[in-house]
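Encoded as structure tokens, the structure appears first; notes follow it.
Chain identifiers are assigned alphabetically (A, B, ...) following the order of the sequence lines, protein sequences preceding nucleic acid strands; residue numbering begins at 1 within each chain.
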Number of protein chains: 2
Amino acid sequence: MARLSDTIEEFLKLLLKESEGQLEIQRNELANYFECAPSQINYVLATRFSLEQGYYIESRRGGGGYIRIVHLDIEDDDYIYRLITEQIGVKISQGESENIITGLLEREIITPREASIMKAAIDDKSIAIPASLRDNVRASILKGMLTAILASYEES
Amino acid sequence: MARLSDTIEEFLKLLLKESEGQLEIQRNELANYFECAPSQINYVLATRFSLEQGYYIESRRGGGGYIRIVHLDIEDDDYIYRLITEQIGVKISQGESENIITGLLEREIITPREASIMKAAIDDKSIAIPASLRDNVRASILKGMLTAILASYEES
DNA sequence: ACAAGGAAAGGTCAAAGATAGTCAAAAGCA
DNA sequence: TGCTTTTGACTATCTTTGACCTTTCCTTGT
């Protein structure tokens with residue numbers, strides 16, 4: 001007996017193929033369709049549609065809420081993807097972060113203005129919290145911004 | 001199910017474009033047109049046409065009453081400066097921050113990709129620290145990024 | 001003229017409704 | 001036994017509605 005999570009995963013991946021890598025669902029509707037708890041949908045998304053697996057999730061609560069799943073079209077050697085999944089760990093210093101951003105600029109992956117914005121976001125002055133936490137927050141901010149850049153390739 | 005509030009927002013922004021940034025409506029008439037409670041109009045105005053999003057609302061009650069919506073027409077650098085010095089305090093929520101960023105995008109002060117990067121930087125998921133600190137950190141990150149954008153105007 | 005009262009707006013706020021998220025316990029399976 | 005899956009209680013967020021309030025304008029009686 002195939003696990004329900006696998007069935008839902010397949011279903012979503014089929015829909016994604018049919019819709020050019022972008023998909024919007026309603027959690028309750030889908031849970032209803034598969035007769036499962038709504039939170040199982042979150043489980044499936046967390047375990048099968050993570051960033052490491054090349055997916056980007058966006059959602060909104062309240063009336064008219066939705067969950068959007070984007071299949072990122074990533075090559076194995078994608079520079080940004082590897083930064084996110086391999087180079088940047090759970091913590092990173094300001095200096096290292098700046099080097100990464102400068103590297104992106106040199107490769108013309110980002111514009112000079114994007115580089116300034118990103119550097120401002122990961123600056124110690126912006127992240128004014130105890131040092132024990134700062135490098136962790138910086139790492140997640142940097143990864144978040146890089147993910148946004150990856151996802152931006154899917155738009156249009 | 002599309003949100004009615006979004007429909008009303010679009011409708012008003014279309015009208016605003018056609019009328020050079022200034023518009024007068026009658027609350028009841030509009031509510032009637034969209035078959036909703038009059039107070040929903042106030043909701044739309046409060047959540048989508050706030051000062052931080054670059055709009056100014058003026059109204060009058062009584063016979064011949066009206067609501068005037070004005071799309072603030074100020075220079076880009078001035079607009080950013082006011083955001084930094086007046087709209088953003090020492091703390092700010094994710095929602096308000098997103099509104100500000102969306103406002104910049106609508107004015108074409110930033111590009112869609114810059115908007116995505118900025119939204120990623122101020123996301124709760126990126127700033128994973130105790131709530132008591134989060135909004136303060138977010139405010140300084142946002143101000144930092146805005147300052148970077150402001151600086152990009154000087155360099156040319 | 002003028003005060004009073006009613007009509008015609010718009011404003012506020014809290015409750016109800018509609019979604020999605022989190023987390024840990026229970027259940028299933030290898 | 002130890003990992004994965006499933007479930008459900010509780011939480012967070014966004015939207016819609018309705019009851020009640022305030023302001024302004026107009027009419028009418030004196």
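- Scanning for side-chain contact (heavy atoms from CB on, under 4.5 Å) contacts around Q87(B) gives L51(B), E52(B), L83(B), with sequence neighbours left out.
- Under the ring-ring contact (aromatic ring centres under 6.0 Å, His included) criterion, no residue pair touches residues 101-146 of chain B, with sequence neighbours excluded.
- Within residues 94-105 of chain B, no residue approaches DNA chain D, by heavy-atom distance under 4.0 Å.
- Here D73(B) pairs with nothing under the side-chain contact (heavy atoms from CB on, under 4.5 Å) rule; sequence neighbours left out.
- Distance alone, capped at 3.5 Å, places no donor-acceptor pair between the S116(B) side chain and the A148(A) backbone.
- Every residue meeting the side-chain contact (heavy atoms from CB on, under 4.5 Å) condition with K91(A), not counting sequence neighbours, appears here in chain and number order: D135(A), N136(A).
- Only at 4.0 angstrom or more do the heavy atoms of residues 115-128 of chain B sit from any atom of DNA chain D, so none qualifies.
- For the residue pair S50(B)/Q53(B), the side-chain donor-acceptor check at 3.5 Å is satisfied.
- Side-chain atoms of E24(A) do not come within 3.5 Å of backbone N or O of R68(A) as any donor-acceptor pair.
- Using a 4.0 Å cutoff on non-hydrogen atoms, the parts of residues 22-45 of chain B near DNA chain C are Q26(B), R27(B), N28(B), S39(B), N42(B), ordered by number.
- Taking each heavy atom of A121(B) and M145(A) in turn, the nearest pair found is CB-SD, 3.8 Å.
- Non-hydrogen atoms lying under 4.0 Å from DNA chain D are contributed by R60(B), R61(B), G62(B), G63(B), all within residues 49-71 of chain B.
- Closest heavy-atom contact between R48(A) and K13(A): O-NZ, 4.0 Å.
- One distance of note links CD of E96(A) with CD1 of I101(A); it measures 12.0 Å at 0.5 Å rounding.
- Shown here for I149(B) and M118(B), the closest heavy-atom pair between the two residues is CD1-SD, 3.9 Å.
- Between I127(A) and Q94(A), the closest side-chain pair of non-hydrogen atoms is not below 4.5 Å.
- Near DNA chain C, meaning a heavy atom under 4.0 Å away, there are no residues from residues 131-142 of chain B.
- In the hydrophobic clustering (ILVMFWY side chains linked at under 4.5 Å, chained through shared members), I25(B) is joined by L4(B), I8(B), F11(B), L12(B), L15(B), L16(B), L23(B), L30(B), Y33(B), F34(B), I41(B), V44(B), L45(B), F49(B), Y55(B), I57(B), I67(B), I69(B).
- Across all their heavy atoms, G54(A) and I74(A) have their closest contact at CA-CD1, 4.2 Å.
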Between protein and nucleotides 1-3 of chain C, what N or O pairs are separated by less than 3.5 Å?
none

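- In terms of the side-chain contact (heavy atoms from CB on, under 4.5 Å) criterion, residue partners of S97(A) (sequence neighbours excluded) are, by chain and number, I92(A), I122(A), R138(A), L142(A).
- When only modelled atom types and interatomic distance are considered, S126(B) and K143(A) share no side-chain donor-acceptor pair under 3.5 Å.
- Nearest heavy-atom pair across Q40(A) and C36(A) is OE1-CB, 3.6 Å.
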